[in-house]
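Quick note on labels: first sequence line is chain A, next is B, and so on, each numbered from 1. These numbers come from the heavy atoms of this one structure, side chains and all, not from hydrogens, waters or symmetry mates.
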Number of protein chains: 2
Amino acid sequence: MKESIEHKALRERGLRITQPRIVVYRALADVKAPLTAQEIVHSARLVDQATVYRTLELFVEAGIARKVNLQSGLVRYELNSDDHHHLTCTRCERVEDFRGCHVEKISSHALAHSRFFSTITSHSLELFGLCNSCSRT
Amino acid sequence: MKESIEHKALRERGLRITQPRIVVYRALADVKAPLTAQEIVHSARLVDQATVYRTLELFVEAGIARKVNLQSGLVRYELNSDDHHHLTCTRCERVEDFRGCHVEKISSHALAHSRFFSTITSHSLELFGLCNSCSRT
DNA sequence: CCCTATTTGCGAATTATTCGCAAATAGGGT
DNA sequence: ACCCTATTTGCGAATAATTCGCAAATAGGG
Ligand SMILES: [Zn+2]
Ligand SMILES: [Zn+2]
Ligand SMILES: [Zn+2]
Ligand SMILES: [Zn+2]
């Protein structure tokens, strides 16, 4: 029988496979948009909130998940599947993923002009706009 | 005698010129890096914290300031001077500005592939890395 | 199955953010 | 300069978000 995806993710990084971690992983996997810690706390009532926060931190450190900052200011988390970013509606908060981020030109230009940095390890890019249904009204 | 920059910023948008607004504006103007609401609260002890929060929101709505999300998850604010972004050290939190963001190619590509959006109104871009002094150790 | 290092749940402390309302005040009109 | 009123502020307290300490539960190696 096949090993589940969440077991695999945890095992591959030498993390213990526990109920709370599986629950949090699935919460993230089940939804399309990035979630806040509180959203996960409320959806997964079985897991204590302190554990949810601890688990999310752990996931980020382990590279299983990553933080996403949309306009609101709340930190959100999503599975670190691959290189994609978000298009977010500033009115209704709808989120759509997009791929094809070629940020290298920008970042190498930034590096070339930098006085204090010589390495860039990651980036975040968020696009904001109005979704079609919001711009209709 | 010349009108001060903060008076100008407020007057131009039809906002009342008040002590707290001037103090918050100066707090933002005096520092290079984006500040959190709490940092401003603690630096400008004269202004009540509720007022600081209200003022920052007001500044964002009026276009005087904007929110900046660095890695930590805390919302930061900076004056909306012009189009620049940040290079942030993930170890020591040092922040350096950079210019020359040509995100149009990325965003038009994203739009072309989007099912739900046809306008992009703004974006945020943050680069992360290690600053020279941190990468030395 | 046992043993131990890890992880969890709980309760409570911190910290961040927001509210309601009475007192203070900015700015237009006189 | 003085009034008047709509706005804004300060205060106190409510609410929400995040973190802590520690004893009890448990994953996983032997
Ligand atoms: Zn929308
Ligand atoms: Zn990218
Ligand atoms: Zn550094
Ligand atoms: Zn840009």
Side-chain angles (χ1 to χ4, degrees), chain A residues 3-4 6-28 34-62 64-78 93, chain B residues 3-4 6-28 34-62 64-78 93:
Chain A
E3 180 185 35
S4 70
E6 58 270 15
H7 278 230
K8 183 159 182 289
L10 292 165
R11 188 178 44 70
E12 283 181 342
R13 311 179 210 239
L15 300 175
R16 285 197 177 182
I17 297 168
T18 69
Q19 226 21 58
R21 287 172 187 176
I22 293 173
V23 169
V24 171
Y25 189 102
R26 287 189 183 154
L28 291 172
L35 299 174
T36 65
Q38 285 299 319
E39 285 169 345
I40 295 174
V41 168
H42 293 125
S43 75
R45 294 265 176 67
L46 335 164
V47 181
D48 186 76
Q49 66 172 327
T51 304
V52 169
Y53 282 95
R54 287 186 287 228
T55 302
L56 289 170
E57 265 324 295
L58 178 77
F59 280 9
V60 170
E61 284 165 25
I64 293 177
R66 59 177 162 179
K67 294 186 184 182
V68 176
N69 290 304
L70 305 186
Q71 203 75 296
S72 70
L74 291 174
V75 195
R76 292 174 175 275
Y77 297 86
E78 70 179 351
E93 299 266 296
Chain B
E3 180 185 36
S4 70
E6 57 270 16
H7 279 229
K8 183 159 182 289
L10 291 165
R11 188 179 45 69
E12 282 180 342
R13 311 178 211 237
L15 300 175
R16 286 198 176 181
I17 297 168
T18 68
Q19 228 18 60
R21 288 172 187 177
I22 294 173
V23 170
V24 170
Y25 189 103
R26 287 191 183 152
L28 290 172
L35 299 173
T36 65
Q38 285 299 318
E39 284 168 348
I40 295 173
V41 169
H42 293 125
S43 76
R45 293 264 177 67
L46 336 164
V47 182
D48 186 75
Q49 65 172 331
T51 303
V52 169
Y53 281 95
R54 287 186 286 230
T55 302
L56 289 171
E57 264 326 295
L58 177 78
F59 280 9
V60 170
E61 284 164 25
I64 293 177
R66 59 177 163 179
K67 295 185 184 182
V68 176
N69 291 303
L70 304 185
Q71 203 75 299
S72 70
L74 292 173
V75 195
R76 291 173 175 276
Y77 298 85
E78 71 179 349
E93 299 267 294

Check: Can you tell which of B:Val47, B:Ile64, B:Thr55 makes a side chain to side chain contact (heavy atoms under 4.5 Å, CB included) with B:Arg21?
Finding: B:Thr55
Item checked: Separation of C:dC10 C1' from A:Leu46 CG (nearest whole Å) -> 16 Å
Next item on the list: Scan A:Leu58 against the nucleic acid and name what it touches under 4.0 Å (heavy atoms): base, sugar-phosphate only, or nothing.
Entry: nothing
Notebook entry, point to check: If every non-hydrogen atom of B:Val75 is compared with every non-hydrogen atom of B:Asn69, which pair is closest and at what distance?
Noted result: CA-OD1, 4.1 Å
Next item on the list: Would you kindly give the CD1-to-P distance between A:Ile40 and D:dT18, to the nearest whole Å?
Entry: 11 Å
Checklist line | Counter-base of D:dG30, judged by Watson-Crick or G-U geometry with both distances under 3.5 Å | finding: C:dC1
Notebook entry, point to check: In whole Å, what is the span from the CG atom of B:Leu56 to the C1' atom of D:dT9?
Noted result: 15 Å
Notebook entry, point to check: CZ of A:Arg13 versus P of C:dT7: gap in Å, rounded?
Noted result: 15 Å
Checklist line | B:Arg13: side-chain hydrogen bond (donor to acceptor under 3.5 Å, both in side chains) partners, not counting sequence neighbours | finding: none
Notebook entry, point to check: Any side-chain donor paired with an acceptor under 3.5 Å for B:Gln38 and B:Tyr53?
Noted result: yes
Check: With no hydrogens and no angle check, is any side-chain donor or acceptor of B:Glu39 less than 3.5 Å from a backbone partner on B:Thr36?
Finding: yes
Check: Any idea which heavy atoms bring A:Leu56 and A:Leu28 closest together, and the distance?
Finding: CD2-CD1, 4.2 Å
Check: With both distances kept under 3.5 Å, what pairs with D:dT5, Watson-Crick or G-U wobble?
Finding: C:dA26
Checklist line | 5' precedence on DNA chain C between A:Thr51 and B:Gln38 (nearest-nucleotide basis) | finding: A:Thr51
Item checked: B/S/- contact track for nucleotides 18-27 of chain C, protein heavy atom under 4.0 Å -> BBB-----BS
